[in-house]
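The analysis underlying the following values was restricted to heavy atoms, covering all of them including side chains, and did not include hydrogens, waters or symmetry mates.
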Amino acid sequence: MRLLGSTLFALLAFVGLGSAKSSSGDSVLVLLDPSLEKENYSLFFSGLEKRGYDLTFRAPKDVSPAITEYDVPSFAHVILFTPETKSYAKDITPQSLVGLLSEKTNLLIALSPKQTPLTSLASEFSLILPPPGTPLVSHHPARDGPATVVPVSVSSSPVITAGTPLVWFSGAPHAIGNNPYLVPILRAPAESFGADSTDDSGADAIVDASEKGGEGLWAGSQMDLVTGFQTAENSRVVFAGGVELFSDDYARKELAPGKPSGNAAFARDVAAWVFQESNVFRVDSVSHHRLNETATPEVYTTNDQIVFTAQISKYNSRTSSWQPYSGIDDLQLEFTMLDPHVRTTLPAVPSVPGTYQVQFRAPDRHGVFKFIIAWRRKGQTFLHSSTTVPVVPPRHDGYPRFLSAAWPYYAGAISTSAGFFVFAALWLAGDVKGEKRKGSKTE
């Protein structure tokens, strides 16, 4: 009975995995280098097809199918497994690939130690590559096989599933700049370095080249092997230092007898992230109103109590649907006019999934304000929302008629007025009586 339950669970999990789709589309163009055999990457490609992707293969120099038609991308995602290609068709240039990202097409790019057009493309994304012909080399731990085939531990990352085993890597390392849009995925081992030969005979030349370039020594965990980049429009691109990372040979290559590598799981997670299956969020709607009201006013008055609400959902690739999500614990709201006048946390409402709400007082400043949500975290979809509202001073009949703090001034004004009338009455009355007495004596 237990075996039947386990089998049923595995079957349901497989069915759920097979129905998974991207939040941005399922069409994929694969540019495969002529030197590579499609069958050597069957596990990776078949895994994509089982998850619902429609793969179209094309050689780098072919003109059909076109990557864009009438300036509109023909595919939602593009895979470039072209480590040896130095010339492409006219529709594939570094500029056109950057243009695809601006049109929200995602890219998965495999680099190599050789100088190719993709090398210059990587530099546009703040990736710093070593001199050509400088693969990653490591002699530790001791193992059979070439020193350029390196086992790499998978560090914690929002992109990769925790607990993924070591992966086999062969290719070129790279350093990354300070661009905030970069997402490190796989770092080089501390004992590895870049060299032009496995016997370290060219180590001095590499050091000299790195010093001349001002980039430091190509060694240790300062180097990255797989790096992601997420644009402001939330399109994604991944640069992998070697295409063998996705191969069947490395997926089946054991770390030790009976201990498989993590290449298959790693490649699946990388593809899920770059094709926007995982870590994808969106702001469904926002609303605002005064406290104890429900209707959204056209204007607010200074010092009004405002209630702001946002609905946020996360994409579930297993069901291909958006579901309310309340797991963001560091969301903020800004009420800004040029500069933020109010910046406050936007917490989730415990009883309503996907709902975030906050109450605050409008500043004592009139003008055109904006409700702004700007949530940016590495590896996660950027959330941005902007809603404009005017804030006005109270109307002339909106002010209180009497202020309790002004009673001393009221009393002073009343007493002064009363004293003036008393003085005027006494003075005028005294003058009239004096004139009458004086006139009677003269007669």
Side-chain angles (χ1 to χ4, degrees), residues 22 24 41 44 47-48 51 77-81 83 97 101 106-113 118-119 121-130 135-136 138 149-190 192 194 218 220-231 234-247 250-251 261-281 317 376-382:
S22 169
S24 60
Y41 301 87
F44 177 68
L48 293 177
R51 300 211 305 271
H77 320 283
V78 177
I79 299 175
L80 290 94
F81 283 178
L97 294 177
L101 288 173
N106 306 298
L107 305 177
L108 175 57
I109 300 174
L111 303 174
S112 73
L118 299 180
T119 304
L121 175 64
S123 63
E124 297 295 330
F125 293 86
S126 299
L127 269 65
I128 308 169
L129 276 71
L136 184 72
S138 177
V149 181
V150 183
V152 183
S153 61
V154 181
S155 57
S156 60
S157 169
V159 177
I160 307 302
T161 304
T164 301
L166 277 70
V167 300
W168 292 103
F169 177 85
S170 177
H174 56 263
I176 61 175
N178 296 323
N179 196 311
Y181 295 99
L182 288 170
V183 183
I185 298 176
L186 185 66
R187 291 193 177 276
S192 63
W218 294 101
S221 56
Q222 72 176 27
M223 301 182 298
D224 278 36
L225 306 179
V226 180
T227 302
F229 188 99
Q230 183 166 264
T231 67
N234 285 322
S235 55
R236 295 171 176 177
V237 56
V238 166
F239 292 93
V243 69
E244 291 81 5
L245 182 68
F246 304 91
S247 66
Y250 283 14
S261 68
N263 285 71
F266 181 86
R268 182 177 63 249
D269 289 343
V270 168
W273 183 81
V274 72
F275 293 164
Q276 301 204 28
E277 288 182 43
S278 62
N279 298 351
V280 181
F281 305 89
S317 61
R376 294 175 179 267
R377 299 295 181 270
K378 285 187 179 296
Q380 317 288 348
T381 301
F382 300 149

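Partners of His174 according to the ring pair (Phe, Tyr, Trp, His ring centres under 6.0 Å) rule, which considers only residues two or more places apart in sequence or in another chain, do not exist here. Annotation: side chain to side chain contact (heavy atoms under 4.5 Å, CB included) contacts of Ala264 (sequence neighbours excluded): Ala251. Residues satisfying the salt bridge (Lys or Arg N to Asp or Glu O under 4.0 Å) test with Arg376, not counting sequence neighbours, are none. Among residues two or more places apart in sequence or in another chain, the side chain to side chain contact (heavy atoms under 4.5 Å, CB included) test is passed with Ser278 by Ala272, Trp273. Remark: Phe266 engages no residue in a ring pair (Phe, Tyr, Trp, His ring centres under 6.0 Å) (not counting sequence neighbours). With sequence neighbours excluded, the residues forming a side-chain hydrogen bond (donor to acceptor under 3.5 Å, both in side chains) with Thr231 are Ser235, listed by chain and number. By the side-chain hydrogen bond (donor to acceptor under 3.5 Å, both in side chains) test, Glu244 pairs with no residue at all, sequence neighbours left out. When the side chain to side chain contact (heavy atoms under 4.5 Å, CB included) test is applied to Ala110, the partners found at least two apart in sequence or on another chain are Phe81, Val243. Take Asn179 and apply the side chain to side chain contact (heavy atoms under 4.5 Å, CB included) test, not counting sequence neighbours, and it matches Ser126, Tyr181, Leu182, Phe229.
A donor-acceptor contact shorter than 3.5 Å links the side chain of Lys378 to the backbone of Pro180. Distance alone, capped at 3.5 Å, is enough to place a donor-acceptor pair between the Asn279 side chain and the Gly379 backbone. Checking side-chain atoms of Ser192 against main-chain N and O of Val150 turns up no donor-acceptor pair under 3.5 Å.
Side-chain atoms of Leu225 and Phe239, non-hydrogen and from C-beta on, never get closer than 4.5 Å to each other. A heavy-atom distance below 4.5 Å is not found between the side chains of Val78 and Leu108. Between Phe275 and Ile79 there is a side-chain heavy-atom pair separated by less than 4.5 Å.
When the options Val152, Thr227, Val270, Val159 are evaluated for a side-chain contact (heavy atoms from CB on, under 4.5 Å) with Leu186, the one that passes is Val152. When each of His77, Gln276, Gln230 is paired with Arg236, the side chain to side chain donor-acceptor pair (under 3.5 Å) condition holds for Gln230 and for no other.
Note: Leu121 CG to Leu111 CG = 8.5 Å, rounded to the nearest 0.5 Å. In this structure, the separation between CG on Leu97 and CG on Leu118 is 7.0 Å, given to the nearest 0.5 Å. Taken to the nearest 0.5 Å, the CG atom of Asn234 stands 11.0 Å off from the CD atom of Gln380. Between atom CD of residue Glu124 and atom CG of residue Leu101 there is a gap of 12.0 Å, rounded to the nearest 0.5 Å. A distance of 14.0 Å separates OH in Tyr41 from CG in Leu48, rounded to the nearest 0.5 Å. Interatomic distance, OG of Ser22 versus CG of Asn106, reported as 6.5 Å (0.5 Å rounding).
In terms of heavy-atom proximity, Ser157 sits nearest to Pro184 at OG-O, 3.8 Å.
Within the structure, salt bridge (charged side-chain N to carboxylate O under 4.0 Å, His left out) pairs that include any residue of residues 160-186 do not occur (at least two apart or interchain). The stretch residues 163-187 participates, sequence neighbours left out, in these salt bridge (charged side-chain N to carboxylate O under 4.0 Å, His left out) pairs: Arg187-Asp224.
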Using a 3.5 Å cut-off and no angle test, enumerate the donor-acceptor pairs between side-chain atoms of residues 161-173 and protein atoms at least two apart in sequence or in another chain.
unit_1 : atom_1 : unit_2 : atom_2 : d
Thr161 : OG1    : Asp269 : OD1    : 3.4
Thr161 : OG1    : Asp269 : OD2    : 3.0
Thr164 : OG1    : Thr161 : O      : 2.7
Trp168 : NE1    : Lys253 : O      : 3.3

Applying side chain to side chain contact (heavy atoms under 4.5 Å, CB included) to Ile185 and Ile160, what does each step give before you reach the verdict?
CA-CA 7 Å; Ile185 298 176; Ile160 307 302; 3.8 Å; yes

